Amino acid sequence: MKYFKYLAIALFAVVMVACGDDEPKNTFTREFNMIYPQLPAGHKFIKKIERKYDRGATSVATAEYDGDHLKSINVVNRDDNGDLLNEETIQFDYKNGAIICDRSIQDVTYSFEVNSFGAIYRLNNVSTNSTSSALVYDENGRLEAAQVTTPSSSGTTSFKWVNGNITEWVNRDINKQDSVAYEYGEGAILNKGCIDIPCNETVTFTKFICAIIRNAGLYGAPSAYLPTVMKKGVDHSQATEANSNHVELKRYPITYVLDADGYVKSYTTTETPKYTVTFTYR
């Protein structure tokens, strides 16, 4: 009996060490004074975002919190058959002003700086001692521009706001140019839960990590309302100095499902392949 008892204890210790090894490691330390975002009344923290394609592929982002402060985000992506494509975990270290990323390709630690709104305005790669992202906000704490640099590219995304709503973002990179425009038609929904708008441009991190970071106020104020249509595939080559209008190629209506209190439970677009994004709040 003692043999089995000690064996069980040993196995438990091995499991605990293995779990510990899965946590992102942080050796970066400094003196840092964190300013936390002031979130609006009615704000809800996102616990989980799940995107499911009709063909079966899924992306699931799960957030954990320490009180009202975002602690970590885990993202798991699976293909049409349910097989794992990749997984990523990031953790927030507010004491030292750092974000520690555990990625399938390469782990990385970013130090960050925040403005008076508690929004991140710079991300530095600690290992290379270089700026990965520089973000500019307006006087209302809305993200106006973000310059993102990677080992292979450098690009700038500008965000256009009208009446507190994002109406367009445009990304200009060395090798490409991309954009999405938004319409807020009759019956546009108040963004009570402070969720990210569909297909918003990413900044350093992947889509749903950025969505949860925005929900936590760390990338500034969200869109006041939710768009009813997004326009993708805008052909900038047709724009000239005389005619700055874009030639719209595709319009995608967005359908939202709300809970009894008016918070978004899910949204679906008419893009192909079709998918639905579902939200679970804390």
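A quick note: this is a predicted structure, and the numbers were derived from the prediction, not measured. Sequential numbering from 1 along the given sequence is applied to the chain's residues. FYI, side chains are in, hydrogens and waters are out, and symmetry mates aren't considered; it's all heavy atoms of this structure.
For the pairing with Phe92, the side chain to side chain contact (heavy atoms under 4.5 Å, CB included) check across Leu218, Asp66, Ile100 returns one residue only, Leu218.
Atoms OH and CG, on Tyr182 and Leu226 in that order, are 11.0 Å from each other to the nearest 0.5 Å. Rounded to the nearest 0.5 angstrom, Ile120 CD1 and Arg122 CZ are separated by 12.0 Å. The distance from the CZ atom of Arg251 to the NZ atom of Lys232 is 14.5 Å, given to the nearest 0.5 Å.
Environment of CG in Asp83: crowded, with over 12 heavy atoms of neighbouring residues, nucleotides or ligands closer than 6.0 Å. By the neighbour-count criterion of 12 heavy atoms within 6.0 Å, atom NZ of Lys52 is sparsely surrounded, having that number or fewer from other residues, nucleotides or ligands. For Glu144, the CD atom is densely surrounded, since the number of other residues' heavy atoms within 6.0 Å is greater than 12. In Arg282, the CZ atom is crowded: over 12 heavy atoms of neighbouring residues, nucleotides or ligands sit closer than 6.0 Å. Within a 6.0 Å sphere centred on NZ of Lys192, other residues, nucleotides and ligands contribute more than 12 heavy atoms. Within a 6.0 Å radius of CG in Asn129, no more than 12 heavy atoms belonging to other residues, nucleotides or ligands are found.
If you look at Phe45 and Tyr65, their ring centroids are closer than 6.0 Å.
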In a table with atom names and distances, give each donor-acceptor pair under 3.5 Å that connects a side chain of residues 255-266 to protein atoms at least two apart or in another chain.
{"residue": "Tyr256", "atom": "OH", "partner": "Pro227", "partner atom": "O", "Å": "2.7"}
{"residue": "Asp259", "atom": "OD1", "partner": "Asp261", "partner atom": "N", "Å": "2.9"}
{"residue": "Asp259", "atom": "OD1", "partner": "Gly262", "partner atom": "N", "Å": "3.0"}
{"residue": "Asp259", "atom": "OD1", "partner": "Tyr263", "partner atom": "N", "Å": "2.9"}
{"residue": "Tyr263", "atom": "OH", "partner": "Gly42", "partner atom": "O", "Å": "2.7"}

Table please: side-chain donor-acceptor pairs of residues 154-162 below 3.5 Å, with sequence neighbours left out.
{"residue": "Thr157", "atom": "OG1", "partner": "Asn171", "partner atom": "ND2", "Å": "2.9"}
{"residue": "Trp161", "atom": "NE1", "partner": "Leu143", "partner atom": "O", "Å": "2.8"}

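Listed by chain and number, the residues in a ring pair (Phe, Tyr, Trp, His ring centres under 6.0 Å) with Phe112 are Phe32 (sequence neighbours excluded).
Using the six-membered ring where Trp is involved, Phe279 and Tyr281 have ring planes that are parallel, under 30° apart on the 30 and 60° scheme.
One N or O on the side chain of Asn165 and one on the backbone of Tyr225 form a donor-acceptor pair closer than 3.5 Å.
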Does Arg172 form a side-chain contact (heavy atoms from CB on, under 4.5 Å) with Val170? I'd like the steps, not just the answer. CA-CA 7 Å; Arg172 295 178 175 86; Val170 178; 3.5 Å; yes

